[in-house]
2 protein chains.
Amino acid sequence: MPTIKDIAKAAGVSPASVSRVINNGPKVGAKTREKIKRIIREMEYQPNANAQAINMQNNASIGIVLADLTDPLFAKMAHGIEKVAAEQNLQIFLNSGAFDRASELDAIEVLLEHRYQALVVHSAMIDDKTLIDFARKVPGLVLLNRYIKEIEDRCIWLDDKLGGALMADHIVEKGHQKIAVIGVDGILNNTRYRLEGIKAQLNKYPVQFEVEMLEQGAATYEGGEVAVQNLLARGVEFSAILAYNDAIAIGATSMLKAHGLSVPKDVSVVGFNDLILAQCIKPKLTTIHNPIEEMAMKATKLALSLSKNSDLGEIESVADKHKYVPVLVQRHSVQEIS
Amino acid sequence: MPTIKDIAKAAGVSPASVSRVINNGPKVGAKTREKIKRIIREMEYQPNANAQAINMQNNASIGIVLADLTDPLFAKMAHGIEKVAAEQNLQIFLNSGAFDRASELDAIEVLLEHRYQALVVHSAMIDDKTLIDFARKVPGLVLLNRYIKEIEDRCIWLDDKLGGALMADHIVEKGHQKIAVIGVDGILNNTRYRLEGIKAQLNKYPVQFEVEMLEQGAATYEGGEVAVQNLLARGVEFSAILAYNDAIAIGATSMLKAHGLSVPKDVSVVGFNDLILAQCIKPKLTTIHNPIEEMAMKATKLALSLSKNSDLGEIESVADKHKYVPVLVQRHSVQEIS
DNA sequence: TTGAAAGCGGTACCAC
DNA sequence: GTGGTACCGCTTTCAA
């Protein structure tokens with residue numbers, strides 16, 4: 001693999017000139033430039049990005065860490081990030097955490113070692129404190145889909161509490177009183193806030209949320225099946241299920257059917273995220289729209305500008321611009337009861 | 001951000017010793033080692049991966065290029081790659097192509113510039129010739145989900161023709177004669193081979209495949225809806241649909257229902273890939289299982305070993321080990337007719 | 001316009 | 001064991 005020196009030699013010029021040509025720099029004679037370009041092509045020269053990075057003291061591409069590649073929400077995030085990267089003609093380097101604290105940490109560490117300046121990280125398993133440290137150390141690090149008060153200006157998050165409230169409100173307005181909730185194990189803040197939102201909203205009505213109505217499991221289709229299984233086995237009565245996400249909602253629906261319960265006739269179900277999935281199934285799922293793609297785009301832009309210019313002088317309130325609002329999408333999985 | 005020299009100075013040792021400690025090298029006194037380690041921790045030193053790479057003449061992580069992050073099949077690929085990367089304690093750098101020739105090319109180029117030695121690329125839009133050139137230039141480059149005869153030892157692919165045949169065979173055996181096919185636009189080889197498989201198999205029966213039975217569109221849920229719309233609008237008669245993938249099959253199902261046609265009573269539908277989606281919907285989709293995750297794992301292992309040792313001395317036939325076999329999964333979207 | 005040379009942050013060989 | 005130092009591939013002054 002030829003180096004810049006090989007090219008220089010072959011072209012009878014100095015490495016400096018070759019470098020100038022590579023970077024479209026000024027101060028190179030037209031014919032010299034042409035000649036060098038030709039040689040570069042002939043010898044199939046490819047600049048060594050590592051060597052470049054070491055000199056430029058930075059890495060222009062944008063690094064992203066995703067907690068879990070298998071979550072369909074991921075695709076939307078990645079897509080959003082990709083969009084703005086493409087606009088700016090930047091490459092993205094994705095490092096996955098595989099939903100486990102150590103590998104999430106590892107992923108960030110590696111990106112840092114490669115000196116990526118703009119980092120978008122979607123961490124599910126790393127604790128606040130560690131993240132705060134990272135954020136303080138790396139100006140271009142932005143947290144996607146996570147809220148940490150101390151560094152809220154570096155977070156892009158969804159108002160999960162409102163999301164929970166929306167679900168609760170809708171279902172109560174439709175006359176439901178016995179409301180089961182399927183949450184998710186783990187330290188995810190999303191879960192906690194959504195649950196808080198649900199409880200808070202329920203309390204505004206004469207509907208009490210009892211702990212036995214809560215079932216926790218995996219954030220998947222199978223998780224939904226199991227949760228319903230458990231609910232039924234425990235003999236709890238419910239006319240509605242509020243699920244942590246669409247996959248769970250659909251798994252739940254399927255298991256309900258398996259037990260001869262029809263949705264929404266016997267049980268109403270509400271999902272969360274509004275993935276394409278929600279529209280594919282019968283009945284179409286009533287769910288909460290999660291503007292994750294927009295959020296991802298925003299996070300990317302923010303990371304990019306922070307990495308270039310640590311002082312953005314944001315006048316507007318951070319909360320207004322960094323907090324995104326979920327919205328209820330009514331479809332056909334909820335029925336009014338009396 | 002401290003460098004190795006800063007650490008050396010602070011510890012009162014030479015950069016060489018620090019380097020040894022960082023790389024767990026031998027020939028460092030126990031106390032010296034401890035001292036250096038302490039300073040490294042105190043100063044929060046992080047090795048510069050770019051500088052390391054430039055010296056080691058290589059990049060240990062594995063680079064992957066995926067044609068399209070929004071395809072759910074992607075998640076499975078990524079997951080497979082991730083699995084083996086984790087086993088080997090390697091990081092993966094993913095660069096997405098966003099389903100467009102130029103960016104796929106770009107993605108490969110960038111990975112090459114960073115001198116990644118092991119590359120797994122899933123390219124949908126780049127032509128054979130270009131890919132062959134890349135493969136010849138880069139020993140550790142493996143093509144996932146693609147077959148190119150000239151470099152078949154560097155490809156991991158699905159027997160798409162067989163997949164098509166499986167679909168055709170199944171549907172004909174169930175008594176269907178009027179069989180519509182929904183394919184996909186673009187240069188994807190998968191489409192072509194599957195279609196060939198379908199036609200070839202159909203020809204073994206007294207069932208003729210007419211070109212008007214073919215509808216091409218996007219490989220998505222919406223694509224399936226549109227395709228059925230068109231089929232119906234064109235007035236073609238069919239009792240079965242063979243879809244390029246599950247998403248299309250589900251979109252088609254939905255549109256059929258919208259037109260008062262029930263699956264499988266009025267129309268039978270067969271999908272492809274056997275994603276989780278296929279089991280979520282009603283009726284559960286009869287489809288072709290695509291062992292893409294296994295394939296991805298294999299491709300990764302292959303890339304890794306090729307990058308280390310260009311001569312593997314594979315005794316077994318390449319085709320046996322690189323060609324994967326799709327299998328029919330019967331569920332409830334196909335009905336026998338007479 | 002061009003080239004020489006000093007780094008960038010490491011690694012590794014060679015002395016001691 | 002430890003340190004000195006040339007060098008990896010490239011960028012960027014500074015002179016010429």
Side-chain angles (χ1 to χ4, degrees), chain A residues 1-40 43-61 109-117 137-138, chain B residues 1-40 43-61 109-117 137-138:
Chain A
M1 185 142 284
T3 73
I4 204 172
K5 287 176 192 159
D6 299 325
I7 304 296
K9 207 169 297 171
V13 300
S14 76
S17 294
V18 179
S19 174
R20 290 184 188 110
V21 171
I22 294 170
N23 299 296
N24 279 311
K27 305 191 188 182
V28 190
K31 12 187 172 195
T32 318
R33 188 179 298 261
E34 278 325 303
K35 183 172 184 183
I36 294 178
K37 279 192 176 169
R38 210 195 59 227
I39 307 269
I40 286 181
M43 300 185 65
E44 300 192 324
Y45 168 75
Q46 264 189 325
N48 183 321
N50 299 120
Q52 293 186 150
I54 209 186
N55 277 291
M56 323 258 261
Q57 300 284 39
N58 81 91
N59 200 322
S61 335
E109 216 75 64
V110 170
L111 254 11
L112 252 26
E113 285 175 5
H114 281 266
R115 300 297 187 266
Y116 288 90
Q117 314 268 291
K137 224 176 303 174
V138 189
Chain B
M1 185 140 284
T3 73
I4 203 171
K5 286 171 191 159
D6 299 325
I7 304 297
K9 207 169 297 169
V13 300
S14 76
S17 294
V18 180
S19 176
R20 288 183 191 114
V21 170
I22 294 171
N23 301 295
N24 279 311
K27 306 190 188 183
V28 190
K31 16 190 169 192
T32 318
R33 186 178 300 260
E34 278 324 304
K35 183 172 184 183
I36 294 176
K37 277 192 177 169
R38 210 196 60 229
I39 308 268
I40 286 182
M43 302 185 64
E44 300 193 324
Y45 168 74
Q46 264 188 327
N48 184 320
N50 299 121
Q52 293 185 155
I54 210 186
N55 277 294
M56 322 262 263
Q57 302 283 39
N58 80 94
N59 198 322
S61 335
E109 215 76 63
V110 170
L111 255 10
L112 252 27
E113 285 175 4
H114 281 267
R115 301 295 187 266
Y116 288 89
Q117 315 267 291
K137 223 176 303 174
V138 188

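Computed from a predicted model, the values in this text were never measured in an experiment.
How far CE of M1(B) is from CG of D6(B): 11.0 Å, rounded to the nearest 0.5 Å. Separating the CD1 atom in I54(B) from the CG atom in N48(A) is a distance of 5.5 Å, to the nearest 0.5 Å. A distance of 10.0 Å separates OG of S61(B) from CG of L111(B), quoted to the nearest 0.5 Å. For the atom pair CD1 (I4(B)) and CD1 (I7(B)), the distance works out to 8.5 Å, reported to the nearest 0.5 Å.
For N55(A) (side chain) and Q52(A) (main-chain N/O), no donor-acceptor pair under 3.5 Å exists by modelled atom type.
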Handout entry: Per-nucleotide protein contact string for nucleotides 7-16 of chain D, where B marks a base within reach and S marks sugar-phosphate only (heavy atoms under 4.0 Å, - for neither)
Key = -BBBBBB---
Atom pairs and distances, donor-acceptor, side-chain atoms in residues 16-31 of chain B, under 3.5 Å, two or more places apart:
| residue | atom | partner | partner atom | Å |
| --- | --- | --- | --- | --- |
| S19(B) | OG | N23(B) | ND2 | 3.4 |
| N23(B) | ND2 | S19(B) | O | 2.8 |

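Following rounding to the nearest Å, E34(B) (CD) and dG1(D) (P) show an atom-to-atom distance of 15 Å. Nucleotide dG10(C) holds its P atom 13 Å from the NZ atom of K9(B), rounded to whole Å.
T32(B) has a side-chain polar atom (N or O) that falls below the 4.0 Å cut-off from OP1 or OP2 of dT2(D).
Among the nucleotides dG1(D), dG4(D), dG3(C), the one closest to any side-chain atom of S14(A) is dG3(C).
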